[in-house]
Peer 1: 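Quick one: the structure is below, and I'll ask about it shortly.
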Amino acid sequence: MDNGMCSAEARSANGFDPEMIHDWLSEEDPERLVFLWRMADRVRREQVGKSVHLRGLVEISNHCIRNCRYCGLRAGIPGRTRYRMRDDEILACVQEAVQRGMGTVVLQAGEDPGLDRERVAGLVRRIKKETKLAVTLSLGERSLEDLRAWRRAGADRYLLRFETSSPELYQQIHPPRTQGAPDRMEILGWLKDLGYEVGSGVMVGIPGQTREDLAGDLALFRKLDLDMIGLGPFIPHPKTPLGAHDAQVATLIDQVPASADMACTALALARLLCPLSNIPATTALATLDGTPGLEQGLRSGANVIMPDLTPIHYRRLYEIYPSRVRPGEGCAEPHEKILSLIRAMGRTPGRGCGDSLAWMARTGMK
Ligand code: SAH
Ligand code: SF4
């Protein structure tokens, strides 16, 4: 793999015509779709290789001050039991990531002011001092000062999905914001300036999302030159406004289906548009369709998996969408299953931190 290749060269090299995004999203012929997924798989192999990077996910708090209309952690849900993990509990999960040979830990949470600047900075410093792991944060829309302090403490990456490129749809799925507050696009710009590896993404099939909207999202991934791209199916949570039954039946003519196939088509297009990015087969895809969903994602252009290391009693409460924990599920068994899946597919578990080649090309690192 030539790390010196710039993202633009790599893009033109795969011969994919970005003008055709919308047509591909409307494609219904199964054979043509399999052709697209295979094309993305080939580009993945040529551009980022056969490693599947494992990121240990720790869901450190389910407190959230936001009211995103699709999410089961939204502040407005009555009666939800809230938790915030202690530092020693988080560090035990971090050690588990090390023991399992992972190169990255992802600390994710609702937008929780209780995770204040100093606490998160201290945590990041300890992880960087005590391990060789890369640290990814996904803590919502935080201030420039918070993001700067965490980068200085050693955080490597930040995930913040822009959720949709359509201003109209954005308004439908998020309650009005305080005037003058920075939006997610502005924050993504800060993250880039601060030198983070920047990840963003959208849900596939959120009520009101048209194929034109999704095509716009994919074009924006390319324009933003993202280092990481997260794309997963929307999974309705019945206690949220967009998960309620009537939101589901009020479908548009051009509504994007929230299916595993559509999520994989969008993932394949993301790989073709952004060949050097790190792209996970997301937890939502696995939730919708179990191990076959992960496998289909890995065959459609994905090169990352994010196994969940959150202790099971907290994981049950991190209910962004329902059914994330299946009856009898523990922690170790899915990890072994994931490793066997990777090997059975002729791929290899990634070594080292698995930095994004898009980020290396952009910043001239390595
Ligand atoms: N609070 C942080 C991180 C946790 S939410 C943030 O919002 O960035 C992480 C992602 O979960 C969100 O960006 C959203 O795309 C996804 N998500 C939320 N509700 C979902 C649902 N019902 N189905 C599928 N994905 C969902
Ligand atoms: Fe909170 Fe993130 Fe869910 Fe929005 S998507 S309600 S910010 S946890």
Side-chain angles (χ1 to χ4, degrees), residues 55 57-77 80 82-84 106-115 120 136-142 146-147 157-165 169-170 173-177 181-185 187-188 191 196 198-209 214 217 221 226 228-244 247-248 256-260 262-263 266-267 280-289 293 297 306 308 310 314-315 317-324:
R55 322 296 201 197
L57 176 65
V58 191
E59 295 151 338
I60 63 177
S61 162
N62 74 348
H63 288 265
C64 189
I65 54 165
R66 299 240 169 251
N67 254 317
C68 307
R69 300 182 73 228
Y70 42 82
C71 177
L73 297 190
R74 68 198 302 267
I77 291 197
R80 161 137 345 284
R82 304 280 176 172
Y83 72 87
R84 186 176 299 121
V106 181
L107 305 183
Q108 198 189 69
E111 201 166 307
D112 176 8
L115 293 171
V120 175
T136 302
L137 299 176
S138 175
L139 305 176
E141 299 171 36
R142 304 292 302 230
D146 287 352
L147 298 171
R157 309 176 186 145
Y158 204 96
L159 302 175
L160 186 70
R161 292 184 177 181
F162 59 72
E163 313 294 5
T164 171
S165 54
L169 182 57
Y170 194 88
I173 65 178
H174 296 104
R177 309 176 45 78
D183 63 14
R184 289 193 168 209
M185 294 306 298
I187 298 173
L188 288 172
L191 292 166
Y196 281 97
V198 182
S200 196
V202 300
M203 285 164 280
V204 174
I206 192 139
Q209 183 187 50
L214 185 54
D217 299 340
F221 293 161
L226 293 173
M228 302 172 283
I229 299 171
L231 270 164
F234 166 68
I235 301 176
H237 189 304
K239 289 192 181 150
T240 63
L242 288 177
Q248 301 305 304
V256 172
S259 64
M262 183 50 97
L267 195 159
T282 54
T283 317
L285 192 55
T287 302
L288 197 66
D289 212 11
M306 297 169 71
D308 199 336
T310 313
Y314 290 134
R315 205 188 303 179
L317 300 172
Y318 196 81
E319 205 187 63
I320 286 179
Y321 39 78
S323 312
R324 295 183 64 251

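These numbers come from a predicted model, not from an experiment. One is the number of the first residue; the rest follow in order along the sequence. Just so you know, ligand 1 is whichever comes first in the structure, and atom 1 is the first atom listed for that ligand. The basis for the numbers below is simple: all heavy atoms, side chains too, and nothing from hydrogens, waters or symmetry mates.
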Peer 1: If you count the atoms of ligand 1 from 1 in the order shown, which ones are under 4.0 Å from a heavy atom of Pro233?
Peer 2: 24 (C)

Peer 1: Could you work out, for atom 26 (C) of ligand 1, the closest of Met203, His63, Glu141, Arg74 by heavy-atom distance?
Peer 2: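 Among Met203, His63, Glu141, Arg74, the closest heavy atom to atom 26 (C) of ligand 1 belongs to Met203.
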
Peer 1: What is the nearest protein non-hydrogen atom to atom 22 (N) of ligand 1, stated with its residue, atom name and distance?
Peer 2: Ile235 O, 2.8 Å

Peer 1: Within 2.8 Å of atom 3 (Fe) of ligand 2, is there any N, O or S atom belonging to Cys68?
Peer 2: no

Peer 1: Does this structure show an ion pair linking Arg315 with Glu59, if we count only N-O contacts that are shorter than 4.0 Å?
Peer 2: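 No, this pair does not count.
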
Peer 1: Does atom 20 (C) of ligand 1 have a protein heavy-atom neighbour under 4.0 Å away?
Peer 2: yes

Peer 1: Got the closest protein heavy atom to atom 16 (C) of ligand 1, with its distance?
Peer 2: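 Result: Arg161 NH1, 3.9 Å.
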
Peer 1: Would you confirm whether Arg69, through its side chain, and Ile173, through its main-chain N or O, come within 3.5 Å as a donor-acceptor pair?
Peer 2: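 Judged by distance alone, no pair lies under 3.5 Å.
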
Peer 1: Can you name the nearest heavy-atom pair linking Gly72 to Arg80, along with the distance?
Peer 2: O-NE, 2.8 Å

Peer 1: Under a 4.0 Å heavy-atom limit, does Ala284 contact ligand 1 with its side chain, its backbone, both, or neither?
Peer 2: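 Within the 4.0 Å criterion, Ala284 makes no contact with ligand 1.
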
Peer 1: Considering only protein heavy atoms, which is closest to atom 3 (C) of ligand 1, and at what distance to one decimal place?
Peer 2: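 Answer for atom 3 (C) of ligand 1: Ala109 O, 3.3 Å.
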
Peer 1: Please compare Arg66, Arg184, Glu111 and report which has the shortest non-hydrogen distance to atom 7 (O) of ligand 1.
Peer 2: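 Selected option, by shortest heavy-atom distance: Arg184.
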
Peer 1: Distance-only, no hydrogens or angles: does the Ser200 side chain make a donor-acceptor pair with backbone N or O of Leu160 under 3.5 Å?
Peer 2: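 The answer is yes, because a donor-acceptor pair under 3.5 Å joins these two groups.
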
Peer 1: I need the minimum non-hydrogen distance between Ala284 and Gly232, along with the two atoms involved.
Peer 2: CB-CA, 4.3 Å

Peer 1: Compare every heavy atom of Tyr170 with every heavy atom of Phe162, then report the nearest pair and how far apart it is.
Peer 2: O-CE1, 3.5 Å

Peer 1: Nearest protein heavy atom to atom 2 (Fe) of ligand 2: under 4.0 Å?
Peer 2: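 No.
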
Peer 1: Can you list the atoms of ligand 1 that are under 4.0 Å from a heavy atom of Gly110?
Peer 2: 1 (N)

Peer 1: Under 4.0 Å from any heavy atom of Arg74, which atoms of ligand 2 are there?
Peer 2: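 Answer, ordered by atom number: 6 (S).
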
Peer 1: Tell me the protein heavy atom at minimum distance from atom 12 (C) of ligand 1, and give that distance in Å.
Peer 2: Glu163 OE2, 3.3 Å

Peer 1: Taking the inter-plane angle between the rings of Tyr83 and Tyr314 on a 0 to 90° scale, is it parallel (under 30°), tilted (30 to 60°) or perpendicular (over 60°)?
Peer 2: parallel

Peer 1: May I ask you to identify, for Tyr70, whether its side chain, its backbone, both or neither come under 4.0 Å of ligand 1 on a heavy-atom basis?
Peer 2: both

Peer 1: Please report which non-hydrogen protein atom sits nearest to atom 17 (N) of ligand 1, along with the residue it belongs to and the distance in Å to one decimal place.
Peer 2: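 Of every protein heavy atom, Ile320 CG2, 3.4 Å lies nearest to atom 17 (N) of ligand 1.
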
Peer 1: Which ligand 2 atoms are under 4.0 Å away from a heavy-atom of Cys71?
Peer 2: 3 (Fe), 5 (S), 6 (S), 8 (S)

Peer 1: Which atoms of ligand 2 sit under 4.0 Å from any heavy atom of Gly110?
Peer 2: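 The list of qualifying atoms is 8 (S).
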
Peer 1: Which of the atoms in ligand 2, numbered in the order shown and given with their element, are less than 4.0 Å from a heavy-atom of Cys64?
Peer 2: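 The atoms of ligand 2 under 4.0 Å from a heavy atom of Cys64 are 1 (Fe), 6 (S), 7 (S), 8 (S).
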
Peer 1: For Leu115 and Arg142, which heavy atoms make the closest approach, and how far apart are they?
Peer 2: O-NH2, 2.9 Å

Peer 1: Heavy-atom contacts with Tyr318 under 4.0 Å: which atoms of ligand 1 show up? List them by number with element.
Peer 2: 4 (C)

Peer 1: Indicate yes or no for a side-chain donor-acceptor contact from Tyr196 to the backbone of Leu147 under 3.5 Å, with no hydrogens or angles considered.
Peer 2: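 Yes, Tyr196 side chain to Leu147 backbone: donor-acceptor pair under 3.5 Å.
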
Peer 1: Do NZ/NE/NH1/NH2 and the carboxylate oxygens of Lys239 and Glu319 come within less than 4.0 Å?
Peer 2: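 Looking at Lys239 and Glu319, the cut-off is not met.
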
Peer 1: Within this structure, what is the NE2-SG distance for the pair His174 and Cys68, rounded to the nearest 0.5 Å?
Peer 2: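 Here the rounded value is 4.0 Å.
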
Peer 1: Check each of Asp112, Leu317, Ile320 against Asn62 using the side chain to side chain contact (heavy atoms under 4.5 Å, CB included) test, and report the only one that passes.
Peer 2: Leu317

Peer 1: Between Ser259 and Pro233, which heavy-atom pair has the shortest distance, and what is it?
Peer 2: O-CB, 4.4 Å

Peer 1: In ligand 1, which numbered atoms sit nearer than 4.0 Å to a non-hydrogen atom of Ser138?
Peer 2: 3 (C)

Peer 1: For ligand 1, which atoms, with element, lie under 4.0 Å from some heavy atom of Gln108?
Peer 2: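 So the answer, numbered in order with elements, is 3 (C), 4 (C), 9 (C).
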
